[in-house]
Amino acid sequence: MRSTEDLGSSHGWRRQRGVLDDGRQVFAKSGVVSEVFTSEAAGLRWLGEAIAVPEVIDVGPDRLVLSWVEEERPSAAAAERFGRELARLHRAGAEGFGAPWPGFIAELPMDNSPCDDWPAFYAERRVLPFLRQARLPSSDVAAVERAVERFAEVAGPAEPPSRIHGDLWSGNVLWSGQSAVLIDPAAHGGHRETDLAMLALFGLPHLDRVLGAYREEWPLADGWRERVPLHQLHPLLVHVVLFGESYRDSLMEAVRRVLAL
């Protein structure tokens with residue numbers, strides 16, 4: 001790179017905006033040697049077969065270089081376009097629940113090994129591993145475990161694996177090109193309601209427009225709104241692991257709502 005601008009750090013990674021010798025603007029992050037960079041690159045390339053993502057320009061064990069995304073203000077029209085594109089991404093599907101690359105969410109490893117059905121995948125590969133790391137009181141652990149026991153009962157109609165982003169909170173949606181560009185995936189074959197529940201977790205501009213356009217493109221099964229807390233259990237547990245007790249109340253409220261389904 002012929003020039004760089006420091007963008008600070010996140011999850012222990014150094015972030016930079018740079019200009020390559022050929023004039024292209026790029027985003028680069030680097031840090032300790034980890035499979036996280038190759039995992040993210042694999043996920044971006046897979047998602048990029050069906051939706052807009054940054055181009056992977058270079059990847060190595062200690063770095064990831066992506067094309068720069070020029071952001072713009074979100075609009076209702078962009079939100080509707082994104083909703084339709086997200087439905088098409090999910091509909092592109094996956095070979096199974098899981099992925100053929102190591103999983104990460106932030107810097108935390110996730111097990112992407114395949115599983116036959118989504119409730120078992122979600123319990124065994126997503127919720128229970130993070131519950132063991134969360135250092136919650138025993139009564140909270142017991143409540144989460146009771147919710148896990150109900151997954152098969154409350155997950156709704158069985159669906160084939162969808163091609164999902166896996167960490168689709170609002171910060172990983174960049175508004176650009178009259179739609180959205182997705183970054184920082186934890187991509188895998190999963191349940192499409194997971195991405196929609198993540199969009200709702202911390203809010204997204206024009207979310208109602210996104211969901212409306214999504215449902216016009218690919219209708220959701222009855223009861224999907226009531227299942228939002230089910231799909232939020234994993235990201236809330238991740239936040240408890242990363243940031244501590246401040247997310248405990250949100251997690252336990254989601255647990256109570258799952259137990260009430």
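Only this structure's heavy atoms are used, side chains among them; waters, hydrogens and symmetry mates stay out.
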- Residue pairs passing the ring pair (Phe, Tyr, Trp, His ring centres under 6.0 Å) test with at least one member in residues 49-72, sequence neighbours excluded, are none

- Item | Same apolar cluster (I L V M F W Y, side chains within < 4.5 Å links), Leu204/Met198 | yes

- When every non-hydrogen atom of Leu66 is compared with those of Leu44, the smallest separation belongs to CD2-CD1, 3.7 Å

- Does the ring of Trp218 carry Arg192 above it, NZ/CZ under 6.0 angstrom from centre and within 45° of its axis? yes

Cut-off 3.5 Å, no hydrogens considered: what does the side-chain donor-acceptor table look like for residues 5-12, sequence neighbours left out?
residue : atom : partner : partner atom : Å
Asp6    : OD1  : Gly8    : N            : 3.4
His11   : ND1  : Glu107  : OE1          : 2.9

- Message: Taking the six-membered ring for Trp, are His188 and Phe97 closer than 6.0 Å centroid to centroid?
- Response: no

- Is the closest basic N to carboxylate O distance between Arg150 and Glu153 below 4.0 Å? yes

- Item | Pairing residues for Glu216 by the side chain to side chain contact (heavy atoms under 4.5 Å, CB included) criterion, not counting sequence neighbours | none

- Arg88/Glu85 salt bridge by N-O under 4.0 Å criterion: no

- Could you check whether the rings of His239 and Phe202 sit parallel, tilted or perpendicular, using 30° and 60° as the cut-offs? tilted

- Hey, quick one: are Leu196 and Val228 part of the same hydrophobic cluster, counting side-chain heavy atoms closer than 4.5 Å, chains of contacts allowed? no

- Neighbour count above 12 (heavy atom, 6.0 Å) for Arg135 CZ: no

- Query: Is the count of non-hydrogen atoms from other residues, nucleotides or ligands lying under 6.0 Å from Glu72 atom CD greater than 12?
  - Reply: yes

- Nearest heavy-atom pair of Ala155 and Leu230: which atoms, and what distance? CA-CD2, 4.0 Å

- Task: Give, for atom CZ of Phe37 and atom CG of Leu64, the distance between the pair rounded to the nearest 0.5 Å.
- Result: 7.0 Å

- Query: Between Leu86 and Ile183, is there a shared hydrophobic cluster once you connect ILVMFWY residues whose side-chain heavy atoms come closer than 4.5 Å?
  - Reply: no

- Return yes when atom CZ of Arg227 has more than 12 non-hydrogen atoms of other residues, nucleotides or ligands closer than 6.0 Å, and no otherwise. yes

- Query: What do you reckon, is CZ of Arg15 surrounded by more than 12 foreign heavy atoms closer than 6.0 Å?
  - Reply: yes

- Query: Taking atom CD of Glu245 as the centre, does the number of heavy atoms from other residues, nucleotides or ligands within less than 6.0 Å exceed 12?
  - Reply: no

- Task: Would you tell me whether Tyr122 and His231 have side-chain atoms, one donor and one acceptor, within less than 3.5 Å of each other?
- Result: no

- Task: State yes or no: do Phe121 and Leu168 share one hydrophobic cluster built from I, L, V, M, F, W and Y residues joined by side-chain heavy-atom distances below 4.5 Å, directly or via other members?
- Result: yes

- Query: So does Arg84 pair up with Glu217, basic N to acidic O under 4.0 Å?
  - Reply: no

- Task: Examine the side chains of Gln178 and Arg81 and answer whether a donor and an acceptor come within less than 3.5 Å of each other.
- Result: no

